[in-house]
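The structure appears below as structure tokens.
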Amino acid sequence: MNRAVLTEYADMREEIKDLKRRIEAGQRELNRINRLAAADSVTWGKKGGRPLRVVKIQGAPGTRIGRKQKALEKKVALLEELEVALVEKQAEVEECIQQIEKSELRTMFRLHYIDDFPWYKVAIQMNGIFPKRRIKYTEDSCRMRHNRYFEGGDVN
């Protein structure tokens with residue numbers, strides 16, 4: 001497993017949040033455009049000085065709004081495709097973590113990389129998960145086991 005892939009995971013998670021925000025903004029803009037309509041009341045026919053009927057005419061400005069709507073739909077679709085690609089990459093990272101042989105180390109990696117906990121919180125969580133462990137987890141012990149794993153050394 002590559003350390004750079006795991007650190008990239010946090011960046012991908014933030015990018016997905018940004019993409020979701022942009023997709024929602026695009027959807028809001030599309031909804032606003034769809035609500036745009038021009039309306040006018042027009043008199044129809046005359047009998048003496050009075051109109052026979054008043055007709056309300058509604059419509060949306062055609063080509064300009066249509067082009068903008070198509071462009072926004074294309075942008076939102078592109079953002080959604082990118083989001084799907086990033087989610088697939090996240091799944092690959094989680095599969096890499098699953099390939100770690102030791103359960104204890106897998107748990108540490110999940111807490112640190114997937115849940116985005118700093119090392120001191122990883123230690124607290126690990127002490128909660130393994131309460132009967134003779135030697136308690138510390139921030140340094142968790143980080144050192146992590147580093148030893150990537151150095152290829154012993155991770156006991």
Side-chain angles (χ1 to χ4, degrees), residues 1-45 51-130 137 139-140 142-152 155:
M1 177 180 358
N2 188 353
R3 188 179 217 165
V5 171
L6 291 174
T7 53
E8 179 72 16
Y9 181 83
D11 296 336
M12 285 189 289
R13 199 171 52 241
E14 292 304 316
E15 187 176 0
I16 287 173
K17 286 180 189 176
D18 180 55
L19 287 173
K20 286 183 179 180
R21 181 186 58 78
R22 290 172 187 268
I23 289 169
E24 288 173 5
Q27 293 290 355
R28 281 193 305 272
E29 181 68 14
L30 278 171
N31 290 337
R32 188 187 68 75
I33 286 174
N34 288 333
R35 286 191 314 262
L36 276 181
D40 195 11
S41 296
V42 200
T43 58
W44 193 46
L52 291 173
R53 198 161 92 186
V54 176
V55 178
K56 187 174 182 181
I57 299 174
Q58 291 183 332
T63 59
R64 192 180 78 203
I65 287 184
R67 284 189 6 234
K68 185 174 182 178
Q69 185 176 10
K70 283 181 185 177
L72 277 171
E73 288 170 352
K74 185 177 178 180
K75 177 183 172 185
V76 167
L78 194 67
L79 290 173
E80 287 172 344
E81 286 178 29
L82 184 57
E83 181 184 15
V84 168
L86 286 172
V87 169
E88 288 172 353
K89 285 182 183 178
Q90 279 185 324
E92 290 174 18
V93 169
E94 291 176 12
E95 287 174 10
C96 287
I97 290 175
Q98 278 301 113
Q99 293 173 358
I100 297 173
E101 292 178 18
K102 291 192 174 191
S103 171
E104 191 177 26
L105 203 52
R106 268 195 317 267
T107 305
M108 274 187 214
F109 275 60
R110 271 193 220 103
L111 291 170
H112 184 67
Y113 289 107
I114 295 175
D115 297 336
D116 201 26
F117 284 179
W119 288 115
Y120 77 92
K121 283 190 178 180
V122 170
I124 292 169
Q125 289 293 321
M126 291 298 288
N127 286 323
I129 294 170
F130 301 102
Y137 293 95
E139 175 180 355
D140 291 333
C142 291
R143 188 178 57 251
M144 289 307 295
R145 289 190 69 177
H146 167 270
N147 293 344
R148 273 189 240 127
Y149 177 79
F150 284 113
E151 292 169 1
V155 281

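Keep in mind the model is a prediction, meaning the values are calculated, not measured. Numbering starts at 1 and runs along the sequence shown.
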Rounded to the nearest 0.5 Å, how far does CG of Asn127 lie from SG of Cys142?
7.5 Å
Could you please spell out the steps behind the salt bridge (Lys or Arg N to Asp or Glu O under 4.0 Å) verdict for Lys89 and Glu92?
CA-CA 5 Å; Lys89 285 182 183 178; Glu92 290 174 18; over 6 Å; no
Do Phe117 and His112 touch side chain to side chain, with heavy atoms closer than 4.5 Å?
no
When you check the gap from the basic side-chain N to the acidic O, do Arg110 and Asp115 get nearer than 4.0 Å?
no
Check for a donor-acceptor pair, side chain of Arg28 on one end and backbone N or O of Ile23 on the other, with a separation under 3.5 Å.
no
Tell me whether Arg21 contacts the main-chain N or O of Ile16 through its side chain, where contact means a donor paired with an acceptor under 3.5 Å.
no
Non-hydrogen side-chain atoms of Glu15 and Leu82 separated by less than 4.5 Å
yes
Is the shortest side-chain heavy-atom distance between Arg143 and Asp140 below 4.5 Å?
yes
For residues Gln90 and Val93, determine if any side-chain heavy atom of one lies less than 4.5 Å from a side-chain heavy atom of the other.
no
Is Val122 close to Glu139 at the side-chain level, that is, under 4.5 Å between some pair of heavy atoms?
no
Could you tell me how the ring of Phe150 sits relative to the ring of His146: parallel (under 30°), tilted (30 to 60°) or perpendicular (over 60°)?
perpendicular
Look up atom NZ in Lys20 and atom CD in Glu80, then write down how far apart they are to the nearest 0.5 Å.
11.5 Å
Would you give the length of the straight line joining atom CG of Leu19 to atom CG of Leu86, rounded to the nearest 0.5 angstrom?
6.0 Å
Give, for atom CD of Glu94 and atom CZ of Phe109, the distance between the pair rounded to the nearest 0.5 Å.
14.5 Å
Rounded to the nearest 0.5 Å, what separation is found between the CD atom of Gln125 and the CD1 atom of Ile129?
6.0 Å
Test item: Lys121 and Leu111 side chains (from C-beta on) under 4.5 Å apart, heavy atoms
no
Just how far is it from atom NZ of Lys102 to atom CZ of Arg145, taken to the nearest 0.5 Å?
6.0 Å
Should Glu29 and Arg32 count as an ion pair when the cut-off is N to O under 4.0 Å?
yes
Backbone N/O of Glu101 and side chain of Arg106: donor-acceptor pair under 3.5 Å
yes
